[in-house]
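Read through the structure below, which is laid out as structure tokens, and then see the notes.
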Amino acid sequence: MDISIVIPLFNEAESLPELTQWIQRVMTQNNFSYEILFINDGSTDNSWEVIQNLSKNDPAIHGVSFSRNYGKSPALNTGFRKAQGDVVITMDADLQDSPDEIPELYRMITSEGYDLVSGWKKKRYDPLSKTIPTKLFNATARKVSGIRNLHDFNCGLKAYRNEVVKHIEVYGDMHRYIPYLAKNAGYTRIGEKVVHHQARKYGSTKFGLDRFINGYLDLGTLWFQTKFGIKPMHLFGLLGSLMFIVGFLAVIIVLTLKCVSICSETYHFYATKSVYFYLSLACMIMGLQFFLTGFIGELITRNSPERNNYLIAEEF
Ligand code: UDP
Ligand code: MG
């Protein structure tokens with residue numbers, strides 16, 4: 001099979017028939033063998049009935065329905081586990097992504113050797129309240145992930161080599177960082193294609209402004225996991241040591257001043273009135289806490305079943 005199209009959806013009943021027809025048209029025009037995997041993420045409208053009806057006329061249409069709304073990432077992950085096509089394409093269900101992009105995305109994966117090609121909504125049809133934070137967000141993601149050539153991490157329209165989706169796990173809200181997940185799994189040939197974006201025709205966006213706060217928190221988590229996930233002591237031990245050194249220096253200063261004050265008749269030093277006294281206390285306590293956090297982190301990673309999971313590229 002050439003292409004699996006994975007479509008996560010939450011309350012998108014109005015868009016589904018139009019989207020399906022459009023995809024079918026593109027697929028037959030290009031002679032692709034394909035499957036469409038609709039992942040119904042706990043919709044409360046009649047999306048699931050619509051999918052069931054659509055599948056009656058086309059055996060290439062498959063569906064999975066969650067018992068409740070879990071989120072876009074779990075929906076994508078479920079689609080990734082099922083996808084059989086050589087190239088896996090994800091797109092949103094709201095008709096903001098155009099199926100006409102599929103042939104070119106397919107060609108970039110199969111002929112140009114990319115592992116992942118991400119869409120870039122260069123001209124967006126979203127309100128300014130969304131496009132400006134998105135720019136900032138992408139700039140940060142580029143820096144942290146080291147994937148310098150991507151402008152739009154969170155574009156719903158992406159294409160992957162099948163192998164890639166089988167080796168990444170998209171959980172929580174991590175769909176925003178799939179290129180970063182792929183890079184961490186060793187798939188570094190990541191490309192970009194400018195794609196047409198359209199205003200939402202039916203329904204409304206499923207993500208509020210909290211997307212940006214959560215997005216940044218997730219990026220922090222991912223960065224930490226990538227760098228220190230299996231060696232937390234390397235971070236916490238360093239922080240702890242620095243704190244301890246500062247605290248220790250402060251203790252020396254306090255002791256020295258005290259000695260001077262004892263020997264001198266004119267100079268009186270009160271430890272509890274000195275800034276160094278409090279500095280030494282605070283730094284030593286914080287340093288100890290960093291160390292303990294590091295130790296606990298090490299114990300947790302030691303027990304993690306993932307600690308020795310490596311993705312082997314070749315073997316003989
Ligand atoms: N979506 C989903 N589960 C959710 C939220 C969204 O499956 O909990 C789907 C949604 O139906 C759409 C895609 O994810 O197909 C992108 O969502 P949306 O269009 O609301 O995001 P935006 O375009 O505003 O970033
Ligand atoms: Mg949308």
Side-chain angles (χ1 to χ4, degrees), residues 4-20 22-23 36-51 54 61-83 88-99 101-102 118-138 141 150-159 165 170-179 195-216 218-219:
S4 295
I5 301 179
V6 174
I7 305 178
L9 64 114
F10 176 53
N11 294 344
E12 309 280 6
E14 301 105 313
S15 312
L16 294 176
E18 200 173 322
L19 178 70
T20 307
W22 193 352
I23 294 174
I36 304 178
L37 302 172
F38 284 113
I39 317 295
N40 173 32
D41 183 16
S43 296
T44 47
D45 66 357
N46 65 335
S47 295
W48 185 237
E49 284 93 78
V50 174
I51 293 168
L54 288 168
I61 296 178
H62 302 277
V64 176
S65 192
F66 285 168
S67 60
R68 68 167 172 88
N69 178 243
Y70 280 98
K72 189 177 177 184
S73 294
L76 284 173
N77 201 55
T78 305
F80 286 168
R81 301 285 81 82
K82 283 182 78 78
V88 178
I89 293 189
T90 58
M91 61 194 308
D92 291 351
D94 54 2
L95 289 166
Q96 289 196 274
D97 302 327
S98 158
E101 311 283 355
I102 293 174
S118 180
W120 173 16
K121 296 164 284 186
K122 199 168 180 181
K123 178 146 181 44
R124 289 182 73 123
Y125 293 88
D126 281 321
L128 272 186
S129 62
K130 194 162 140 190
T131 47
I132 292 174
T134 299
K135 279 219 161 75
L136 277 174
F137 162 84
N138 278 310
L150 279 200
H151 293 85
D152 191 359
F153 276 73
N154 189 18
C155 182
L157 185 57
K158 287 190 172 61
V165 302
V170 196
Y171 62 95
D173 271 339
M174 291 300 178
H175 60 269
R176 300 194 177 95
Y177 302 110
I178 296 181
V195 295
H196 288 286
H197 185 238
Q198 296 165 88
R200 221 182 210 281
K201 204 162 163 186
Y202 308 103
S204 57
T205 177
K206 307 297 182 297
F207 297 99
L209 280 177
D210 59 346
R211 73 168 79 199
F212 296 109
I213 299 162
N214 294 340
Y216 276 106
D218 284 343
L219 187 60

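Hydrogens, waters and symmetry mates are skipped; everything else that's a heavy atom, side chains included, is used. Each ligand, and each atom within it, is numbered from 1 in the order the structure gives. What you see is a predicted model, and the numbers here were worked out from it, not measured in a lab.
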*asked:* Salt bridge or not between Lys206 and Glu12? Use side-chain N to carboxylate O under 4.0 Å.
replied: yes

*asked:* Any salt bridge linking Lys72 with Asp92? Criterion: basic side-chain nitrogen under 4.0 Å from a carboxylate oxygen.
replied: yes

*What is the minimum heavy-atom distance between Asp41 and Arg68, and which atoms define it?*
OD1-O, 3.7 Å

*Has the side chain of Asn138 got a donor or acceptor atom that lies under 3.5 Å from a matching backbone atom of His151?*
yes

*Looking only at atom types and distance, does a side-chain atom of Gln198 sit under 3.5 Å from a main-chain N or O of Tyr125, one as donor and one as acceptor?*
no

*Report the residues that fulfil side chain to side chain donor-acceptor pair (under 3.5 Å) with Lys121, sequence neighbours left out, ordered by chain and then residue number.*
none

*Please list, chain by chain and in numerical order, all residues satisfying side chain to side chain donor-acceptor pair (under 3.5 Å) with Gln96, sequence neighbours excluded.*
His197

*Quick one: name the protein N/O/S atoms under 2.8 Å from the Mg ion (ligand 2), chain by chain.*
Asp94 OD2, Gln96 OE1

*Can you list, by chain and residue number, every protein residue with a non-hydrogen atom closer than 4.0 Å to ligand 1?*
Pro8, Leu9, Phe10, Glu12, Asp41, Asn69, Gly71, Lys72, Asp92, Ala93, Asp94, Gln96, Lys130, Arg200, Thr205, Lys206, Phe207, Arg211

*With distance as the sole criterion, is a donor-acceptor pair present between the side chains of Asn11 and Thr44 under 3.5 Å?*
yes

*asked:* For Phe137 and Tyr177, take the angle between the two ring planes, folded into 0 to 90°, and tell me which bin it lands in: parallel under 30, tilted 30 to 60, perpendicular over 60.
replied: tilted

